[in-house]
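Since the structure comes first, as structure tokens, the remarks are kept for the end.
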Amino acid sequence: MSAPAKSETPTMEKIVSLCKRRGFIFQSSEIYGGINGFWDYGPLGAELKRNLRDAWWRTMTREREDVVGLDATIIMHPAIWKASGHVDTFADPMVDCLVTNKRLRADQIEPQNGMVYRFTGATGSADTASSVPFAALAPTGKPRESALKTARAFYLARGLQDPEPLGGETGEKVEGTTAFNPENGAELTEPRMFNLMLKTHTGPVESDENVAYLRPETAQAIFAQYKNVVDSSRVKVPFGICQIGKAFRNEINPRNFTFRSREFEQMELEFFIKPDEAIEIISGSVAPWSEGADLTTPQPNWGWELWHRYWVAQRTAFYQSIGLGNVIHYYWQTKEELAHYARACVDILCEFPFGTEELEGIAARGDFDLSQHQKHAGKPLEFFDEELKTAAAALPPEALEAMVQRRLAAEQTKEKGALSEPEVRAWFERLAKGFYLPHVIEPSAGLDRMALAVIAKAFEQYEKIDPKGKSETITVLRLHPSIAPIKVGVFPLLKNKPELVAKAREVFQLLKGKLNTFYDESGAIGRRYARQDEIGTPFCVTIDFETLGETGPELADTVTVRQRDGATQERLKISELSAWLLARI
RNA sequence: GCGGGUGUAGUUCAAUGGUAGAACACGAGCUUCCCAAGCUUGAUACGUCAGUUCGAUUCUGAUCACCCGCUCCA
């Protein structure tokens, strides 16, 4: 029997369904109907996420000697968000056009002059009518008819046929108004604040004085604790501080499963480097970047550009190690897109079923963040560089002056944020004494996005015709073994043979402390393999009658090892099993 | 935030103004069973709140959630 071909379910839906069915990702608070923008990780998702988090932490700090970790609170002093600019830029007054429903930023509307016509409602054909008032602006030079046309569109959108607006025979003159859409003169809604930071209050009383924010990014904690880390950890520039933790953004429109959610986990590194001028004083010159430059080992004469490229290469290697090598892409932000304090920013994108979207941003941010905190907190955050001081003392004054002149010329070409000559000279004076605010390279990745990316990349479904001619859908999650939630499944071939079960339990006990191991005895062996395929387990071990020595002593204490990819099998001695498996994850 | 669509079992889907059904999945049992075999058997669902009605999973409204398109994404 052949059922009519069902319309192809989009891949994303299948992934969401698998995630729920197998316990990777659940909707938060699901038994109460769910809550928009929040997701929970089930047993397998928690393991997967932990594996990714651990892999990041291991490569970013434990395997390096120039990066240390930090674990800061989610709620911090509100002044931090003032200094970072989040209080101002995260709270935008927004208005909506009543005709087109377009959303505009209230503070970006050009003030207009003209005549405002106020309508009290409208009547239309086919007994349609409306008593909703509406106002429209006819800008100076435009006739009343233009306001009337907008009003008709307004009432048309509310279900009236051939609407004829009522009232509004005479207009009132206005100047410098921002209450109307410059495009069509339509009335706008009252400005509403859209603050992307989640707010709470500390202490027992809710008042404006004790407002606190849930951090919208983990980076600021690193800058805020930068001095404590420097003072306590014997680090020397260049060095980094990394952190993994929850961050919160009150997204207007969370979308695409866990890709954009309101509570998410970030993995950020702030890597502090010497300003290029300091490199020049110490090393004589800054090494230039060019295509094909050797980025494997950091060099003392690297400036920000080589460090930036270095971290892009490091992060690329990381994505390769978790199996995303061939689905990542790069987007270099253009000068126009860059924030004024950033020198360069590359987005690492990944192919998702819903499009190619950002997984990580690697920004070269200069000293903006530390300087902001130094200013707002009123505490010096400069780093004292002994080597720089010594080198600067040996530098001829003309050489330093030449650098000042070059910098002054560079400042003049800046469109905004340019430093004045006294500011530049003061900065160089501190530099010559060995003091500077380190510049920052910031690789900032989203853990939840990464988890979604590896699941989406690993997800594979195909149709298989079984020997009876029945077609079935096979689902395999081809996760990289290093991040798979379960590394190995252990099965007795049959569960009603106590000797097989006992041996299988023995093998399970042997492996479970070393690898995340799953014991399963229910269902046919093929079904058990399929179950593990679906959750991405790379290896399965089956204890059969050969293991018990029934077919001869040479196969005694050997097991079948079945691999997910390729579905190949081989026999291994139990004594060699754990070493064999550990070498492959 | 706007517009459109969808909410029934763990999943994918039926049916119905009066008792909700299947397939797969899941649990127990039988089976020398290596890639979702078979047999027996069991548990499990109308998103939420109102309204209309003698009676609502079904009709209406609101709300919540998800999907698609716009918008937004420091």
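Note on naming: letters A, B, ... go to the chains in the order of the sequence lines (proteins, then strands), and numbering restarts at 1 for each one.
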Can R255(A) and E357(A) be counted as an ion pair, charged N to O under 4.0 angstrom? no

Classify the nucleic acid contact of F257(A) as base, sugar-phosphate or nothing, counting any heavy atom under 4.0 Å across all strands shown. sugar-phosphate

Counting side-chain heavy atoms from C-beta on, which of C67(B), U31(B), U11(B) comes nearest to R21(A)? U11(B)

Check every strand shown and say whether R255(A) touches a base, only sugar-phosphate, or nothing at a heavy-atom separation below 4.0 Å. base

Measuring from atom OH of Y41(A) to atom CD of E47(A), what distance do you get when rounded to the nearest 0.5 angstrom? 14.0 Å

Between G10(B) and K20(A), is there an OP1 or OP2 to side-chain N/O distance shorter than 4.0 Å? no

Can F545(A) be classed as stacking with the base of U32(B), given a centroid separation cut-off of 5.5 Å and a plane angle cut-off of 30°? yes

Watson-Crick/G-U partner (both atom distances under 3.5 Å) of A56(B): none

Return the nucleotide paired to C30(B): Watson-Crick means purine N1 to pyrimidine N3 with N6-O4 or O6-N4, wobble means G-U with N1-O2 and O6-N3, both under 3.5 Å. G38(B)

Once you apply the 3.5 Å cut-off to both distances, tell me the Watson-Crick or G-U wobble partner of U11(B), or none. A23(B)

Could you tell me how far apart Q27(A) (CD) and C64(B) (C1') are, to the nearest whole angstrom? 10 Å

Distance, rounded to the nearest Å, where D520(A) contributes CG and A36(B) contributes C1': 12 Å

Under 4.0 angstrom between N36(A) side-chain N/O and C64(B) OP1 or OP2: no

Could you grab the distance from atom CD of E263(A) to atom CD of E265(A), nearest 0.5 Å is fine? 9.0 Å

Between G10(B) and G69(B), how many Å separate the two P atoms, rounded to a whole number? 29 Å

Measure the CD-CZ distance between E187(A) and F180(A) for me, rounded to the nearest 0.5 Å. 6.0 Å

Answer yes when R562(A) and D533(A) have at least one side-chain N-carboxylate O distance shorter than 4.0 Å, and no when they do not. yes

5'-most contact on RNA chain B (nearest-nucleotide basis), R262(A) vs I31(A), goes to I31(A)

Mate of G69(B) where both pairing distances stay under 3.5 Å, Watson-Crick or G-U: C2(B)

C1' atom, A25(B) versus G61(B): distance in rounded Å? 37 Å

Could you tell me how far C70(B) sits from A28(B) if I compare only their P atoms? Round to whole Å. 49 Å

Take the protein atom CZ of R562(A) and the nucleotide atom C1' of A36(B), then report the distance between them rounded to whole Å. 11 Å

Taking A36(B), C34(B), G10(B) as options, the one with an atom nearest any side-chain atom of D544(A) is C34(B)

For the pair made of CD in E521(A) and P in C33(B), what is the distance, rounded to whole Å? 18 Å

Report the distance from atom CD of E358(A) to atom CG of D347(A), rounding to the nearest 0.5 Å. 4.0 Å

Can you say whether a donor on the side chain of Q569(A) sits under 3.5 Å from an acceptor on the base of C35(B), or the other way round? yes

Quantified in whole Å, what is the C1' atom distance between nucleotide C72(B) and nucleotide A56(B)? 40 Å

What integer distance in Å separates I535(A):CD1 from C35(B):P? 20 Å

Selection from C26(B), U11(B), A36(B) that lies nearest to any side-chain heavy atom of R531(A): C26(B)

Winner on side-chain proximity to S522(A), out of A28(B), C67(B), U32(B), is A28(B)

What's S17(A) touching, base or sugar-phosphate or nothing? Going by heavy atoms closer than 4.0 Å. sugar-phosphate

At under 4.0 Å, does any side-chain N or O of K497(A) touch on OP1 or OP2 of U31(B)? no

What distance do Q243(A) atom CD and E217(A) atom CD have between them, rounded to the nearest 0.5 Å? 10.5 Å

Does any nucleotide pair with A62(B) by Watson-Crick or G-U wobble geometry, both distances under 3.5 Å, and what is it? U48(B)

Categorize L500(A) for me: base, sugar-phosphate, or nothing, with a 4.0 angstrom heavy-atom threshold over every strand shown. nothing

Taking the same atom, P, in U53(B) and in A22(B), what whole-Å distance lies between them? 35 Å

Would you mind reading off the distance between L18(A) atom CG and A25(B) atom C1', rounded to a whole angstrom? 12 Å

Whole angstrom is fine here: how far is it from CG in N253(A) over to P in U71(B)? 12 Å

Taking the same atom, P, in C24(B) and in U60(B), what whole-Å distance lies between them? 35 Å

For the base of C34(B), is there a side-chain donor-acceptor partner from Y529(A) under 3.5 Å away? yes

Which residue, T473(A) or L494(A), contacts RNA chain B at a nucleotide closer to its 5' end, judged by nearest heavy atom? L494(A)

Given C35(B), U32(B), G27(B), which nucleotide is nearest the side-chain atoms of E550(A)? U32(B)

Taking only the C1' atom of each, what is the distance from G17(B) to C66(B) in whole angstrom? 28 Å

Across all strands shown, which nucleotide pairs with A43(B) by Watson-Crick or G-U wobble geometry, both distances under 3.5 Å? none

Phosphate oxygens OP1/OP2 of A37(B): is one of them under 4.0 Å from a side-chain N or O of R527(A)? yes

Work out how far the C1' atom of G47(B) is from that of A65(B), and round it to whole angstrom. 7 Å

Rounded to whole Å, CG of D533(A) lies from P of A36(B) at a distance of 10 Å

Under a 4.0 Å N-O cut-off, is there an ion pair linking E534(A) with R531(A)? no

